[in-house]
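So that the names make sense, note that chain A is the first sequence line, chain B the second, and so on, each numbered from 1.
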Protein chains: 2
Amino acid sequence: MNTKPETTIHDIARELDVSASTVSRALKNNPLISEKTREKIKQVAIEMGYRPNVVASNLRTRRTNTLGVIVPLINRHFFSSVISGVEEVAYKAGFAVTISQSNDDFQKESQIAQALFASRVDGVILSASMETITSQHLNLFTDRNIPLVFFDRVLDDVAANKIVVDDFRGGLLATRHLIEQGCRHIAHIGGPLNLAIYRDRLNGYLKALSQAGLQPLPEGVLHNRLTRSDGDEAIRQLMKLPQLPDAIFCANDTTALSVIIYLRQQKIRIPEDVALVGFSNEPFSEVVSPALSTIKQPGYEMGLKAAELIIRQINGELSANDFTTYVMPTELIIRESSLHQGVVIA
Amino acid sequence: MNTKPETTIHDIARELDVSASTVSRALKNNPLISEKTREKIKQVAIEMGYRPNVVASNLRTRRTNTLGVIVPLINRHFFSSVISGVEEVAYKAGFAVTISQSNDDFQKESQIAQALFASRVDGVILSASMETITSQHLNLFTDRNIPLVFFDRVLDDVAANKIVVDDFRGGLLATRHLIEQGCRHIAHIGGPLNLAIYRDRLNGYLKALSQAGLQPLPEGVLHNRLTRSDGDEAIRQLMKLPQLPDAIFCANDTTALSVIIYLRQQKIRIPEDVALVGFSNEPFSEVVSPALSTIKQPGYEMGLKAAELIIRQINGELSANDFTTYVMPTELIIRESSLHQGVVIA
DNA sequence: TTGTAGGCGTTATCAA
DNA sequence: TTGATAACGCCTACAA
């Protein structure tokens with residue numbers, strides 16, 4: 001299919017009557033090569049339309065300059081923001097980025113891990129699927145000291161650098177805010193408890209309640225996979241409880257959106273009848289009506305940090321046994337969905 | 001750094017006292033190998049923790065089973081949806097997906113092309129940057145018959161398979177709808193005219209007007225890069241015109257959102273004073289207030305199609321000289337932002 | 001049905 | 001400062 005074969009360093013070498021090694025070194029700006037020959041080689045390389053074959057180089061150097069990224073779903077603003085940040089840093093550092101999505105399916109996550117290992121990526125950045133409860137599929141990397149960086153949905157039992165926001169504090173602030181707005185019957189739509197972030201958000205919620213001498217709403221703490229339809233089911237369930245909620249803290253914006261849409265349709269007023277806080281600050285949160293209060297999660301910056309960390313690990317600039325969990329700054333953004341009229345915010 | 005060296009097919013061969021080629025063949029399910037030895041080899045491969053080295057295989061076969069994807073911005077719902085679709089199909093077909101973002105910068109787009117070529121991707125899926133007016137940076141691929149598939153922001157002068165929506169018809173439907181709502185002074189916020197999609201959307205707009213015997217709003221047809229701030233500038237400019245617009249057709253939802261926010265703030269009513277139609281059906285369009293009328297663009301499906309096409313091209317299942325432009329179905333979604341009360345839709 | 005030999009394009013080592 | 005050689009791990013004619 002390919003017309004002319006690619007020019008290789010051997011072709012250049014032959015042309016100039018030098019050895020392939022000299023060409024290789026010259027093109028890599030190896031200082032051993034004299035300036036004169038280096039210039040000449042580069043010149044001829046351009047004339048001959050030489051294009052380095054990274055694959056061959058990768059095989060030889062056992063380095064691919066490629067980062068693998070596994071996310072649950074590419075097409076989700078938070079995750080695509082993280083990817084965008086990763087790409088930004090990776091590109092500048094000369095790394096390619098290979099993206100895969102687990103679709104929140106543990107099987108697929110495992111298979112992706114296998115594939116990334118087979119293609120010898122230099123490092124992996126990962127946010128676990130909703131189903132992930134074990135980390136054995138990642139031993140492939142940890143056993144061989146291939147750097148692994150987690151973000152957002154981190155796994156407790158893997159020793160690695162991790163990047164999260166303060167989920168506990170997020171849950172605490174969100175719930176405390178609802179309490180300050182006068183709410184007393186606060187429900188929670190949460191994620192699977194195998195993931196630390198959802199445990200933390202739940203615990204923040206519980207803590208805020210207990211600090212205020214309140215109880216969680218009986219039967220009002222639900223856990224699901226936080227999709228749009230999960231949110232829809234959840235709100236229908238909550239609105240059947242003997243004690244109706246006067247507020248809901250949702251563990252993501254997606255479910256909060258389902259709630260808004262359902263309540264709007266039922267002519268239940270937000271925030272007067274039910275106040276609402278989400279989590280993540282997806283772009284729609286700002287413009288939905290009523291605008292959704294939420295916890296800001298700096299996805300792009302998390303991506304920048306993840307890429308920076310993994311590249312430093314790959315370059316051996318970071319201790320291989322000494323891991324840190326980086327907690328990114330977060331913020332409660334108060335909008336209409338939780339702002340009771342007449343209530344003054346301290 | 002790496003502790004134990006990886007097991008190779010040679011290790012397995014030595015273990016079983018067969019040749020490496022036999023191992024290679026067995027692992028590839030080559031029918032020449034007897035079932036018995038194949039089973040034994042696979043067995044031992046697992047026991048020894050063998051992991052194929054794709055890099056070596058790639059070098060030998062001159063195939064990487066990798067698709068390169070270049071988009072303007074990963075973190076944009078339409079593009080991340082396309083990527084998601086690409087990944088879905090690619091994964092099932094055994095391809096990895098390498099993603100890069102041009103940030104709408106032509107320089108970066110060129111450099112990415114170089115890098116993708118250097119890493120010998122088997123095919124490239126591309127949506128051009130706002131700045132891209134020439135296609136020479138893609139000769140790298142076209143000269144060597146490396147498949148190239150364009151989507152959305154396609155370049156006219158490249159012979160390749162392309163996937164678009166009917167942008168002309170989108171512009172036509174959007175504008176005609178505004179006319180049917182009684183609007184007569186319709187402005188347009190469009191994209192750079194070097195890109196066919198924005199020319200087509202503009203032409204659709206013009207056609208609808210002329211069919212109705214109307215003129216474009218004087219000074220009311222603007223072109224910019226369609227960011228949030230571009231939209232903001234544009235609406236400010238439009239609201240200073242001697243003849244104010246009573247409707248605006250925006251070439252994307254992002255600028256339409258800027259318009260909504262600005263008008264809301266100025267207490268200008270939508271759609272009573274200014275009706276609005278966007279393009280793309282970003283997720284926020286449905287929930288913003290007022291909900292934004294828009295042209296639906298099936299990003300995920302476009303990604304599926306792009307991946308399918310390029311993989312078929314890679315596998316030689318498609319003629320290499322015979323290219324098609326696939327026009328995906330699109331649809332006008334009418335929401336509050338353009339729905340004048342009392343007006344009945346035909 | 002299996003083995004042998006050579007090469008994919010680059011780089012590391014050693015020698016000159 | 002440069003060259004010769006071998007090797008990275010796999011695959012594929014060709015031979016047996």
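Taking atom CD on B:Glu39 and atom P on C:dT1, their separation rounds to 14 Å, with Å as the unit. One atom, CD1 of B:Ile9, and another, P of C:dT2, lie 15 Å apart when rounded to the nearest Å. With rounding to whole Å, B:Asn53 atom CG is found 15 Å from C:dG9 atom C1'. The distance between atom NZ of B:Lys28 and atom P of C:dT1, rounded to the nearest whole Å, is 20 Å. A:Leu32 has its CG atom 15 Å from the P atom of C:dT11, to the nearest Å. Atom P of nucleotide C:dT10 and atom CZ of A:Arg14 are separated by 12 Å, given to the nearest angstrom. Following rounding to the nearest Å, A:Arg51 (CZ) and C:dT10 (P) show an atom-to-atom distance of 13 Å. Whole-Å rounding puts the A:Glu6 CD to C:dC8 P distance at 14 Å.
At a threshold of 4.0 angstrom between heavy atoms, the contacts of A:Ser24 include nucleobase atoms, whether or not backbone atoms are also involved. Counting non-hydrogen atoms under 4.0 angstrom, B:Arg25 reaches a base of the nucleic acid.
Between the side chain of B:Asn75 and the main chain of A:Ser80, no donor-acceptor pair closer than 3.5 Å is present.
By the 4.0 Å N-to-carboxylate-O rule, B:Glu308 lies close enough to B:Arg312 to be salt-bridged with it. A:Glu47 has no carboxylate O lying under 4.0 Å from a charged side-chain N of A:Lys40, or vice versa, which leaves the two without a salt bridge.
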Could you check A:Lys108 against B:Glu87 for salt bridge (Lys or Arg N to Asp or Glu O under 4.0 Å), going step by step and ending with a plain yes or no? CA-CA 12 Å; A:Lys108 191 170 174 200; B:Glu87 199 276 344; 3.1 Å; yes
Test B:Ser34 against B:Thr37 for side chain to side chain donor-acceptor pair (under 3.5 Å), laying out the working first. CA-CA 6 Å; B:Ser34 76; B:Thr37 47; 2.8 Å; yes
Audit row: B:Ser127, B:Phe79, side chain to side chain contact (heavy atoms under 4.5 Å, CB included) steps and yes/no: CA-CA 9 Å; B:Ser127 186; B:Phe79 290 119; 3.5 Å; yes
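Within a 6.0 Å sphere centred on CD of A:Glu35, heavy atoms belonging to other residues, nucleotides or ligands number 12 at most.
Ranking C:dA5, C:dT10, C:dT1 by closeness to the B:Ser21 side chain, first place goes to C:dA5.
Annotation: ring-ring contact (aromatic ring centres under 6.0 Å, His included) contacts of A:Tyr326 (sequence neighbours excluded): none.
A cation-pi contact links A:Arg120 to A:Phe117, judged by a cut-off of 6.0 Å to the six-membered ring centre and 45° from its axis. Relative to the ring axis of B:Phe151, B:Lys162 does not place its NZ or CZ within 45° and under 6.0 Å from the centre.
Comparing A:Ser57 and B:Asp17 along DNA chain C, the residue whose closest nucleotide (by nearest heavy atom) sits nearer the 5' end is B:Asp17. A residue-by-residue look at B:Val18 and B:Thr61 shows that B:Val18 has its nearest nucleotide of DNA chain C further toward the 5' end.
Overall bending of the helix from C:dT1-D:dA16 to C:dA16-D:dT1, expressed as the angle between end axes built from five pairs apiece, is 40° (10° steps).
Taking only distance into account, the side chain of A:Arg60 never meets the base of C:dT10 through a donor-acceptor pair shorter than 3.5 Å. For C:dT1, its base never sits under 3.5 Å from the side chain of B:Thr37 at any donor and acceptor pair.
Taking every nucleotide of DNA chain D with any atom under 4.0 Å from a non-hydrogen atom of chain A, the first and last of them, 5' to 3', are D:dT1 to D:dG9.
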